[in-house]
Enquirer: 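There's a structure below that I have some questions on.
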Amino acid sequence: MEGGHPPASKTEFTECWRTTWKTPYIMRLALSAGIGGLLFGYDTGVISGALLYIREDFRDVDKKTWLQETIVSMAIAGAIFGAAIGGWMNDAFGRKKSILAADFVFFIGAIVMAVAPAPWVIIIGRILVGLGVGMASMTSPLYISEASPARIRGALVSTNGFLITGGQFLSYLINLAFTRAPGTWRWMLGVAGVPALVQFVLMLSLPESPRWLYRQNKADEARAILEKIYPAEKVEAEMKALHESVQAEKAEEGDAGDGMITKVKGALSNPVVRRGLYAGITVQVAQQFVGINTVMYYSPTIVQFAGFASNQTALALSLITSGLNVVGTVISMCFVDRYGRRRLMIVSMIGIITCLVVLSGVFFQAASHAPHISNLESTHFGKNSTCSAYGSAPNPGSWNCMTCLKADCGFCANKVNYAPGACLALNDDIRSLCHGEHRVWYSKGCPSKVGFFAVILLGLYIIMYAPGMGTVPWIVNSEIYPLRYRGTCGGMAAVANWSANLIVSETFLTLTHALGSAGTFLLFAGISVIGLVAIYLLVPETKGMQFEEVEKLLQKGFRPKPFASKEKQSKNVESS
């Protein structure tokens with residue numbers, strides 16, 4: 001692929017626009033494959049709104065935190081397996097067939113969820129959808145990367161990230177559209193099958209990755225695709241670079257087998273590939289442990305934690321944060337190859353840590369100043385309506401709204417804002433009594449004067465996350481591995497990403513119950529600091545490089561500038 005840096009006065013996005021305007025076929029490839037990112041984003045976002053209404057339809061789900069976490073996280077468990085077999089499928093059958101298989105599985109999963117008669121059927125559908133998402137999440141950026149000129153590769157792979165955030169935004173719009181429709185959550189989850197069907201049809205008319213074809217000794221087919229991507233005078237140079245790259249890899253692998261286990265062993269034993277994996281897995285795990293998918297999976301719930309009780313209000317405010325995610329991704333597309341992958345990630349992580357620390361402080365203030373419980377208000381609806389834990393508490397005068405919610409009861413707000421309210425038993429009949437007096441019912445968060453600041457900070461958090469940690473880890477993983485191991489290593493990194501995602505999403509509600517919202521976000525801030533240090537030490541800059549140049553960089557080994565300077569000084573001392 002072409003190398004070199006774009007002129008300093010131009011952004012990568014401008015160069016990308018000019019190139020794709022002259023050769024629209026490139027953008028057609030990128031957008032069609034990028035729908036895999038749309039599936040990823042839609043599934044991430046849709047469950048956050050659907051969960052609010054699944055809880056209303058199935059009482060077991062509403063009462064059991066672990067069941068809510070399971071419905072969310074089973075898609076991630078499926079994605080881990082999907083990413084693992086996706087790496088093998090990419091190398092064995094090609095990028096195109098892997099995307100088609102992902103679309104088929106995702107479509108079936110969406111239909112299963114839409115017609116689910118019970119929570120366990122929703123979980124089966126979530127596993128199938130996750131399987132498709134896992135396969136698509138690492139295949140789509142790989143396909144786009146291998147069909148892109150190096151000078152605009154970062155911007156084109158960013159289209160996959162843009163469609164991930166676009167899918168999340170679309171999911172919130174659809175969630176909002178179906179809030180009053182019969183079957184609410186069934187429509188929300190079922191509509192997910194439409195983009196999978198669209199991508200399946202589009203991919204049937206698109207070619208395989210030219211690099212994979214050349215690897216399979218289909219040079220003529222690879223040339224035919226390169227002729228559609230590059231100007232005629234550059235095709236021969238690209239074919240030569242492709243030939244040298246593939247021949248070097250074939251010479252390196254020698255008589256080694258071609259099975260999945262053999263490739264994994266080969267990757268781990270090869271110092272160049274291993275250094276690539278250090279970087280690739282670091283950025284993928286860090287992307288999840290900053291807590292982003294707790295915000296995406298549970299965004300309306302977090303908004304309710306901040307004191308906004310209405311489902312519709314929570315979804316509407318979540319739509320704002322999702323829209324900011326799209327804006328941040330566009331920023332990444334504009335600057336990812338002007339300022340570099342590494343710099344964007346480091347700046348992004350610093351901003352994320354700052355937002356998480358301040359957000360933790362806001363939630364702490366909200367919990368500390370929650371409205372108190374009034375005994376008069378609590379008995380106003382009848383003694384049988386009062387929360388049993390409150391009635392038997394040794395010191396009920398010390399109770400406030402947060403104490404009430406932690407006791408698995410509901411808070412019926414006073415008609416006077418922030419005045420002491422009622423702590424009542426948590427059931428539909430009593431909630432209706434509260435609403436009957438035109439009061440607000442809280443079961444996830446408490447009325448708060450600082451709640452709106454929490455929503456603003458969530459928006460700032462997204463703006464800091466999206467341009468760097470949102471898109472760049474997928475770009476890094478699409479370009480940092482040698483061709484022979486690209487599918488396998490991309491699969492390993494994607495498995496690491498989804499495994500971290502599973503841990504975070506499966507524990508978030510439990511953590512908020514045990515540590516409170518403030519403690520949970522402070523924990524994410526601490527983990528993010530570790531992630532920032534790891535990125536600084538392990539991840540090299542790869543902007544504007546040919547794949548072959550990236551490999552040479554890893555052969556030398558990467559050291560951050562201060563460490564590299566010390567190493568150079570020590571060598572000079574030794575030589576003198």
Enquirer: Answer yes or no: is there a donor N or O on one side and an acceptor on the other, between the side chain of Glu69 and the main chain of Thr510, under 3.5 Å?
Expert: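 Looks like yes, one N/O pair under 3.5 Å.
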
Enquirer: Tell me, do Ile123 and Leu67 make a side-chain contact under 4.5 Å, heavy atoms counted?
Expert: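 Yes. Closest side-chain heavy atoms under 4.5 Å.
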
Enquirer: Working note: Trp399 + Tyr390, criterion ring pair (Phe, Tyr, Trp, His ring centres under 6.0 Å); need CA distance, chi angles, decisive distance, verdict.
Expert: CA-CA 8 Å; Trp399 276 46; Tyr390 173 75; 5.5 Å; yes

Enquirer: According to the salt bridge (Lys or Arg N to Asp or Glu O under 4.0 Å) rule, which pairs have a member within residues 359-380, sequence neighbours left out?
Expert: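 Matches after skipping sequence neighbours: Glu377-Arg439.
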
Enquirer: Verify ring pair (Phe, Tyr, Trp, His ring centres under 6.0 Å) between Trp66 and Phe508, making sure each step is shown before the conclusion.
Expert: CA-CA 10 Å; Trp66 68 266; Phe508 177 69; over 10 Å; no

Enquirer: Return all side-chain donor-acceptor pairs below 3.5 angstrom for residues 450-472, not counting sequence neighbours, or 'none' if the list is empty.
Expert:
| residue | atom | partner | partner atom | Å |
| --- | --- | --- | --- | --- |
| Tyr461 | OH | Val290 | O | 2.8 |
| Tyr461 | OH | Ile292 | N | 3.1 |
| Thr471 | OG1 | Ser332 | OG | 2.6 |

Enquirer: Dump the intermediate steps for ring pair (Phe, Tyr, Trp, His ring centres under 6.0 Å) on Phe289 and Phe524, then the final yes or no.
Expert: CA-CA 7 Å; Phe289 276 122; Phe524 285 142; 8.1 Å; no

Enquirer: Which residues pass the side-chain hydrogen bond (donor to acceptor under 3.5 Å, both in side chains) test with Asn414, not counting sequence neighbours?
Expert: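 Asn414 satisfies side-chain hydrogen bond (donor to acceptor under 3.5 Å, both in side chains) with no other residue.
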
Enquirer: Which residues satisfy the side-chain hydrogen bond (donor to acceptor under 3.5 Å, both in side chains) test with His380, sequence neighbours excluded?
Expert: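 Glu437.
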
Enquirer: Give the table of side-chain donor-acceptor pairs shorter than 3.5 Å for residues 353-361, with sequence neighbours excluded, one pair per line with atom names and distance.
Expert:
| residue | atom | partner | partner atom | Å |
| --- | --- | --- | --- | --- |
| Thr354 | OG1 | Ile350 | O | 2.9 |
| Ser360 | OG | Ala518 | O | 2.7 |

Enquirer: For Arg431, what residues pass the side-chain hydrogen bond (donor to acceptor under 3.5 Å, both in side chains) criterion, not counting sequence neighbours?
Expert: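 Residues passing side-chain hydrogen bond (donor to acceptor under 3.5 Å, both in side chains) with Arg431: Asp428.
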
Enquirer: What's the separation between atom CG in Leu39 and atom OG in Ser140, rounded to the nearest 0.5 Å?
Expert: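 These two atoms lie 7.5 Å from each other.
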
Enquirer: Would you say that Phe169 contacts Tyr42 through its side chain, given a criterion of any heavy-atom pair below 4.5 Å between the two side chains?
Expert: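 Phe169 vs Tyr42: side chains apart.
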
Enquirer: Considering the options Ile122, Leu51, Leu52, which one meets the side-chain contact (heavy atoms from CB on, under 4.5 Å) requirement together with Trp185?
Expert: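 Passing option: Ile122.
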
Enquirer: Taking all atoms of both residues into account, what is the closest heavy-atom pair of Cys409 and Cys423, and its distance?
Expert: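 Residues Cys409 and Cys423, closest heavy atoms: CB-SG, 3.9 Å.
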
Enquirer: Just one of Ile373, Thr403, Val440, Asn400 clears the side-chain contact (heavy atoms from CB on, under 4.5 Å) bar with Phe411, so which one?
Expert: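 Per the side-chain contact (heavy atoms from CB on, under 4.5 Å) rule, the option paired with Phe411 is Ile373, out of Ile373, Thr403, Val440, Asn400.
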
Enquirer: Do any N or O atoms from the side chain of Asn477 and from the backbone of Pro473 form a donor-acceptor pair under 3.5 angstrom?
Expert: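 Judged by distance alone, yes, a pair lies under 3.5 Å.
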
Enquirer: Between the side chains of Asn375 and Ser378, does any donor sit under 3.5 Å from an acceptor?
Expert: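 Side-chain D/A pair, Asn375 to Ser378: absent.
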
Enquirer: Any heavy-atom pair between the side chains of Asp57 and Tyr53 that's under 4.5 Å?
Expert: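 Not touching, per the 4.5 Å side-chain cut-off.
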
Enquirer: Considering non-hydrogen atoms only, spot the tightest contact between Thr179 and Leu176 and give its length.
Expert: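 So the two residues come closest at OG1-O, 3.0 Å.
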
Enquirer: Using a 3.5 Å distance criterion without hydrogens, assess whether the side chain of Arg126 forms a donor-acceptor pair with backbone atoms of Met74.
Expert: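 No; judged by distance alone, with no hydrogens or angles, the pair does not exist.
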
Enquirer: Counting N and O atoms only, with roles assigned by atom type, does the side chain of Gln284 sit under 3.5 Å from a partner on the main chain of Ala494, one being a donor and the other an acceptor?
Expert: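 No, the answer is negative, given that no donor and acceptor are paired below the 3.5 Å cut-off.
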
Enquirer: Under 3.5 Å, side chain of Thr139 to main-chain N/O of Ala136, donor-acceptor pair present?
Expert: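 Flag not set: sc Thr139 to bb Ala136 has no pair under 3.5 Å.
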
Enquirer: Measure the CG-CZ distance between Asp429 and Phe381 for me, rounded to the nearest 0.5 Å.
Expert: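 Interatomic distance, Asp429 CG to Phe381 CZ, rounded to 0.5 Å: 13.0 Å.
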
